[in-house]
Amino acid sequence: MAYDKFTTLSSSVVPLPIENVDTDQIIPARFLKATERKGFGDNLFRDWRFNQDGSPKADFVLNNDTYSGKILVGGKNFGSGSSREHAAWAIYDYGFRCVISSFFADIFKNNCLNIGVLPVQVSEGFLQSIFDAVKEDPKTEVTVDLGTQTVTLNATGAQETFEISAYKKQNLQNGFDDIDYLLNIKSSIEGFAETRPF
Amino acid sequence: MKKTLFDKVWDAHVVSSVPEGPDVLFIDRHMVHEVTSPVAFLGLKNRGIKVLYPERTFATADHNTPTLNQHLPVADALSANQLSALERNAAEHGISYWGLGHEKNGIVHVVGPEYGITLPGATIVCGDSHTSTHGAFGAIAFGIGTSEVEMVLSTQCIMQPKPKSMRIHIEGMPGRGVTPKDVALFIISKLSTSGATGHFVEYTGEVFEKMSMEGRMTVCNLSIEMGARGGMIAPDQTTFDYVQGREFAPKGADWESAMNYWSTLHTDEGATYDKEIILNGAEIEPMITYGTNPGMGTGISGSIPSLEQADGSKESYKKSLDYMGFNEKDQLLGKKVDYVFLGSCTNGRIEDFRAFTEIVKGRKKADHITAWLVPGSHKVRQAIIDEGLFDILSEAGFELREPGCSACLAMNEDKIPAGKVAVSTSNRNFEGRQGPGARTMLASPTVAAATAVTGVVTDPRTLID
Ligand code: SF4
């Protein structure tokens, strides 16, 4: 499915300084029963965000009005576990366009890129400096520039570059997806399929 | 050029490469289940296209299915809707569908190998991270997201940069009472849940060579829990014997030519990996986890590491122990357990039920233990009955359910209640994985069996003579 183009984003951030945030926390399995891609943001971080009776947990960051923005900043090894793209959908549907962490699980990273959410991997030190800055000033802004592949802490001007493949970058900048590319080379795929023994 | 097993299989499937971008990788087998496919089929509909190769696509229902009274209509409306969506989509696109009640129904990663859909040297994907299971056959198998499911349905290809390669070698053999699950949990406890991220792992060493296919599947299944894209083991006679004669496996002259090719599927002498890890087999004992990710495991006779000993952030470590209701330095042996779950694509195969039965034979289930024994497929369930395991299990006070993912991810009714401790043979002990508030300790079928009869975490070696 095609998605919104991504160029630059300046926004305040939502900090989640927890390591190994797995996809079962991002969206628990019992909310994967839909047959359409709708409404997943309501259950983002469901069990951290709500009590079992549905009332919000006051101490969880998404329930704290002080923090808002289109960038989610998570601890190391973000998105480990299941391949459920629903995790990326929930993040997108809630309103995030970018996730910053010092390390991402592979499938989660791919899933984000495939739906137009930019995963930005920064150093441990830079990650900590974002957490520190938000603690100091919850409205502090971070700028992510896909063109120059930089992430900047606006308050201090501190900056790091991040990696992304040239191909994925172009896709995000144009809102293209892989299927568009593959459908264009369908005849060579069909030719290749003929050569497969099984 | 000297190549690794992984290089050989990957390179044989590259249709083309995007300059400075990913490879276009051809997929031989695509397995589909009800949870991660509906939005992908919707995508095809929106594009006005059909599944390109329905004969390379196989669908089964497993994640959402009940494990009791499967002959009755599915009670949960949302689950029922997802199941009928898959049935409709499969029919519309001419895909074979092994739905609820079908004799071939079962967990996608259990039925694939059982019917010879999984083959050495193949590329296999599924919208499920434990697709890595099929690597046991020397296949490249990995989990994908729904956008990628749509990609494979529509073009039979996926766009991926070639992952780095990694070898995990175990020197020497583990002692008695150690199962393939323990070997895998041991590796993850050494590497952590992100230790193999970005890599495709090949397992080498005597322990894997001597393992059955079921055991190899358990090991490769858990590759994802150390962050790897997948894991694989070079195919050998054990592999070929397992595959031969299965329904979808090549036959006659095709079998001969397949065998000729498959026997070239091993890492060349002198080929190099991006990363190599060597571990000592003698160090492995029956394992159990105490925290909320599969890397938080230890030998069963050990204790929970102190805050100082723990890797990573102390805050995350503490949060994890608090969730489990455990304290640092607690002994694991003797901890009271409420539930035992035998099943999942990690340990829901016939060997797992044999191992479990071996321990409970002549003993009784502890009164306070609720045990869910869920075979990975109808074929496994039938074998349990045919081999007489069912009688032994019944005698010991256990019931056998119908196949499905069940309490592995608790999408159906099989949820461990909040605050209860479960010893589970599945693959993930994440917070809430087995139900909101459920506390999961991952272990092998033999540890699960020993625990089920004593009611507390028990070293199975004390019950075998
Ligand atoms: S048994 Fe568990 S891990 Fe395996 S496919 Fe089902 S839900 Fe996934």
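Here is the naming used below: chain letters follow the sequence lines, and residue numbers restart at 1 for every chain. Since this is a predicted model, take the numbers as computed values, not measurements.
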With under 30° as parallel and over 60° as perpendicular, where do the rings of B:His33 and B:His63 fit, or are they tilted in between? parallel
Whatever's closer than 4.5 Å to a heavy atom in chain B on A:Glu36 counts as both
Output the option from A:Ile107, A:Asn20, A:Thr23, A:Asp47 having the highest count of non-hydrogen pairs under 4.5 Å with chain B. A:Ile107
Tell me if a side-chain donor or acceptor on B:Asn81 pairs with a main-chain N or O of B:Ser84 at a distance below 3.5 Å. no
Answer with side chain, backbone, both or neither: which region of A:Asn111 has an atom nearer than 4.5 Å to a non-hydrogen atom of chain B? side chain
Name the member of B:Glu20, B:Glu34, B:Glu148 that forms the most heavy-atom pairs with chain A at distances under 4.5 Å. B:Glu148
Take atom NZ in A:Lys76; do more than 12 heavy atoms of anything else shown fall under 6.0 Å from it? no
Who among B:Asn412, B:Val39, B:Leu78 has the most heavy-atom pairs with chain A under 4.5 Å? B:Val39
Under 4.5 Å from any heavy atom of chain B - which part of A:Gln170: neither
Going through the distances and angles, do B:Ile27 and B:Arg56 end up as a side chain to side chain contact (heavy atoms under 4.5 Å, CB included)? CA-CA 8 Å; B:Ile27 301 301; B:Arg56 295 182 176 277; over 6 Å; no
Portion of B:Leu42 that has a non-hydrogen atom of chain A nearer than 4.5 angstrom: side chain
Using heavy-atom distances under 4.5 Å, tell me whether A:Phe103 contacts chain B through its side chain, its backbone, both, or neither. side chain
Below 4.5 Å from any heavy atom of chain B, which atoms of A:Phe108 appear? Answer side chain, backbone, both or neither. neither
For chain B, the option from A:Lys186, A:Lys168, A:His86 that forms the most heavy-atom pairs under 4.5 Å: A:His86
To the nearest 0.5 angstrom, please state how far the CZ atom of A:Arg37 sits from the CD1 atom of A:Ile115. 4.5 Å
Please look at A:Asp106 and chain B and tell me whether the side chain, the backbone, both or neither of the residue comes under 4.5 angstrom of a heavy atom of that chain. both
Side chain, backbone, both or neither: which part of B:His13 has a non-hydrogen atom closer than 4.5 Å to chain A? both
With chain B as the partner, which of A:Gly81, A:Ala87, A:Ala166 has the greatest number of non-hydrogen pairs under 4.5 Å? A:Gly81
Can you confirm whether A:Lys70 is buried at NZ, in the sense that more than 12 heavy atoms of other residues, nucleotides or ligands lie under 6.0 Å from that atom? no
The ring pair (Phe, Tyr, Trp, His ring centres under 6.0 Å) partners of A:Phe60 (sequence neighbours excluded) come to A:Phe45
Just give me the residue among B:Pro19, B:Ser194, B:Gly143 that pairs up with chain A most often, heavy atom to heavy atom, under 4.5 Å. B:Ser194
A:Gln52, part contacting chain B, at a heavy-atom distance under 4.5 Å: side chain
Evaluation steps, side chain to side chain donor-acceptor pair (under 3.5 Å), between B:Lys45 and B:Asn89: CA-CA 10 Å; B:Lys45 195 173 194 168; B:Asn89 287 325; over 6 Å; no
Most contacts with chain A, counted as non-hydrogen pairs under 4.5 angstrom, among B:Cys157, B:Pro294, B:Gly21, B:Pro161: B:Cys157
Report yes or no: is the cationic atom of A:Arg97 (NZ for Lys, CZ for Arg) closer than 6.0 Å to the six-membered ring centre of A:Tyr92, at no more than 45° off its axis? yes
Tell me whether the rings of A:Tyr181 and A:Tyr167 are parallel (<30°), tilted (30 to 60°) or perpendicular (>60°). perpendicular
Hey, is the main chain of A:Gly75 close enough, under 3.5 Å, to the side chain of A:Ser101 for a donor-acceptor pair? yes
Measure B:Leu86 against the heavy atoms of chain A and call it side chain, backbone, both or neither at under 4.5 Å. neither
Among residues 128-164 of chain A, residues within the sub-4.5 Å heavy-atom range of chain B, in order of number, are none
Examine distances only and state if a side-chain atom of A:Asn77 and a backbone atom of A:Val21 form a donor-acceptor pair shorter than 3.5 Å. no
Does B:Val108 offer a backbone N or O that forms a donor-acceptor pair with the side chain of B:Asp62 under 3.5 Å? yes
In terms of heavy-atom proximity below 4.5 Å to chain A, should B:Ala40 be classed as side chain, backbone, both, or neither? neither
N/O donor-acceptor pair under 3.5 Å between A:Asn63 side chain and A:Arg49 backbone: yes
Could you check which of B:Gly227, B:Ser79, B:Gly437 has the highest count of heavy-atom pairs closer than 4.5 Å to chain A? B:Ser79
Shorter than 4.5 Å, heavy atoms on both sides: which option in B:Pro38, B:Gly43, B:Ala228 has the most such pairs with chain A? B:Pro38
Determine whether B:Arg246 and B:Ile117 satisfy the following criterion, side chain to side chain contact (heavy atoms under 4.5 Å, CB included), listing intermediate values before the conclusion. CA-CA 8 Å; B:Arg246 294 193 186 252; B:Ile117 295 168; over 6 Å; no
From the list A:Ser165, A:Ser82, A:Pro28, the residue making the most non-hydrogen contacts under 4.5 Å with chain B is A:Ser82
Distance-only, no hydrogens or angles: does the B:Gln82 side chain make a donor-acceptor pair with backbone N or O of A:Ala34 under 3.5 Å? yes
